[in-house]
Amino acid sequence: MKHFIDISNFQLKKIDSIIKTAKQIKRNPKSFSNKCKNKTLGMIFQKDSTRTRASFTVGFQKLGGNTLELNTKSIGFGKRESVEDILRTLAQFIDILVIRNDNHELLKKLSALNALPIINGLTDMSHPCQILSDMLTINEKIGNIKNKQITWVGDYNNVLRSLIELQILYNFKLNVVLPKEILKKNKTEINKHNNKQMFVTNSLMDGVKYADCVMTDAWVSMGEKLTKKKYFKNYQVNSKLMQFASKEAIFMHCLPAHRGEEVSSELLDSKRSVVWHQAQNRMFVQQAIVLELL
Ligand code: CP
Ligand code: NVA
């Protein structure tokens, strides 16, 4: 059985083919409108979500399928019976399941049950749907990611981990700008993945210089302590910083954005910003992921 848990589980060829399908769906949605007829996509969100929830729901419906969101409180997720038994039950009715939670290991354990295909809708460790659709956005906005210099500014978090997995696959130039406290805390993991094309620094200027795309995310991810914010005070991405990037550089953010913190409002609303395009592409890429798994 196929699952979509992490980018690192896939070969480059498979990722390319998912992106290709996403482009086809985007170009000609009508020809895909029956592909998931009589199928049901389930969703369990243990953390907040706007984009993932809306894009999976609408996306699956546009493929002709039905969706069912199970409220974790109403089903007593992890309380009334084992999570494994909930999954075995759901597999009797639904065909594919999106889970967002704070426990990546549990997600892996659940997928190993092979009760039904599982899609990672974000965990504490990764956000593969986001990064895959960001790759489509990059391809559409500035061209093949393989020839681009991408800069990440902010935390060492789930989204960055997925970006690094993509970088390892495509070997593009990736600059990772982290405050020194965050760098120190994640040194072992960073060293494990470091490669010739990856440059890790705490200097904003060095990291952003000549970038074709600058990405950021919340300083503090869902479920984390707010005290972490203090490390990021000097790490806002704004138009002034973007001047060090290449002339045509784009700004990306998976959203939700915290205006005035990791990004200035003026940059988020500027021409360089492609954040709404990013949000839109979530749907096409996730439709392609669903088709791949089913
Ligand atoms: N980017 C993203 O996954 O958004 P949501 O948390 O709103 O789903
Ligand atoms: N890193 C963020 C991403 C939200 C889509 C979080 O986990 O809260």
Side-chain angles (χ1 to χ4, degrees), residues 4-7 22 41-60 67 69-72 97-107 118-138 150 152-166 176-179 182 185-186 189 213-229 231-232 235-237 250-259 261-263 268 273-290:
F4 187 76
I5 305 299
D6 278 310
I7 299 224
L41 169 108
M43 289 173 285
I44 296 179
F45 289 95
Q46 286 193 286
K47 301 165 100 167
D48 292 347
S49 169
T50 304
R51 278 143 290 265
T52 308
R53 177 179 268 126
S55 54
F56 267 112
T57 307
V58 176
F60 202 73
T67 57
E69 182 174 347
L70 294 139
N71 183 298
T72 50
L97 181 66
V98 178
I99 303 182
R100 168 171 286 199
N101 79 357
D102 230 338
N103 186 344
H104 195 72
E105 288 310 308
L106 176 67
L107 198 76
I118 292 184
I119 298 176
N120 175 358
L122 178 149
T123 67
D124 49 335
M125 295 304 283
S126 60
H127 199 2
C129 292
Q130 180 67 53
I131 283 303
L132 212 52
S133 50
D134 288 351
M135 184 164 115
L136 173 61
T137 305
I138 289 169
I150 313 293
W152 173 273
V153 178
D155 189 20
Y156 195 91
N157 67 10
N158 42 11
V159 180
L160 174 59
R161 283 190 180 91
S162 291
L163 178 64
I164 290 175
E165 289 178 17
L166 192 79
V176 179
V177 184
L178 311 166
I182 302 292
K185 209 175 130 226
N186 296 285
E189 202 184 325
C213 162
V214 180
M215 267 190 204
T216 191
D217 184 13
W219 287 340
V220 182
S221 285
M222 289 182 278
E224 290 190 317
K225 289 200 180 96
L226 283 173
T227 47
K228 206 174 157 185
K229 249 189 205 177
Y231 303 132
F232 296 94
Y235 286 83
Q236 183 186 82
V237 183
I250 54 168
F251 168 75
M252 295 180 83
H253 191 314
C254 63
L255 305 177
H258 307 82
R259 290 169 182 262
E261 292 190 2
E262 75 272 9
V263 59
L268 196 72
S273 167
V274 298
V275 299
W276 309 118
H277 194 104
Q278 265 180 281
Q280 187 199 68
N281 274 341
R282 291 289 302 277
M283 187 176 82
F284 304 113
V285 168
Q286 289 161 193
Q287 286 174 314
I289 292 169
V290 162

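Computed from heavy atoms alone, side chains included, the values below leave out hydrogens, waters and symmetry copies. Counting starts at 1 for both ligands and their atoms, following the listed order. For the single chain, residues carry numbers from 1 onward in sequence order.
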Taking heavy atoms and a distance under 4.0 Å, where does L255 meet ligand 1: side chain, backbone, both or neither?
backbone
Among all protein heavy atoms in this structure, tell me which lies nearest to [atom], with the distance rounded to 0.1 Å.
| atom | result |
| --- | --- |
| atom 3 (O) of ligand 1 | H127 NE2, 2.8 Å |
| atom 7 (O) of ligand 1 | T50 N, 2.7 Å |
| atom 6 (O) of ligand 1 | R100 NH1, 2.8 Å |
| atom 4 (O) of ligand 1 | R51 NE, 2.9 Å |

Side chain, backbone, both or neither: which part of T52 comes within less than 4.0 Å of ligand 2 when only heavy atoms are counted?
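It is neither; nothing of T52 touches ligand 2.
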Going by heavy-atom distance to atom 5 (C) of ligand 2, choose the closest among V220, L255, V159.
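Closest candidate by heavy-atom distance is L255.
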Do L178 and Y231 come close enough that some side-chain heavy atom pair is under 4.5 Å?
no
Any nitrogen or oxygen of R282, side chain or backbone, less than 3.5 Å from one on ligand 1?
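Yes; at least one N/O pair falls below 3.5 Å.
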If you measure every N or O of C254 against every N or O of ligand 1, does any of those distances drop under 3.5 Å?
yes
Sub-4.0 Å heavy-atom approach of K47 to ligand 1
no
Near M222 (heavy-atom distance under 4.0 Å), the atoms of ligand 2 are 6 (C), 7 (O), 8 (O)
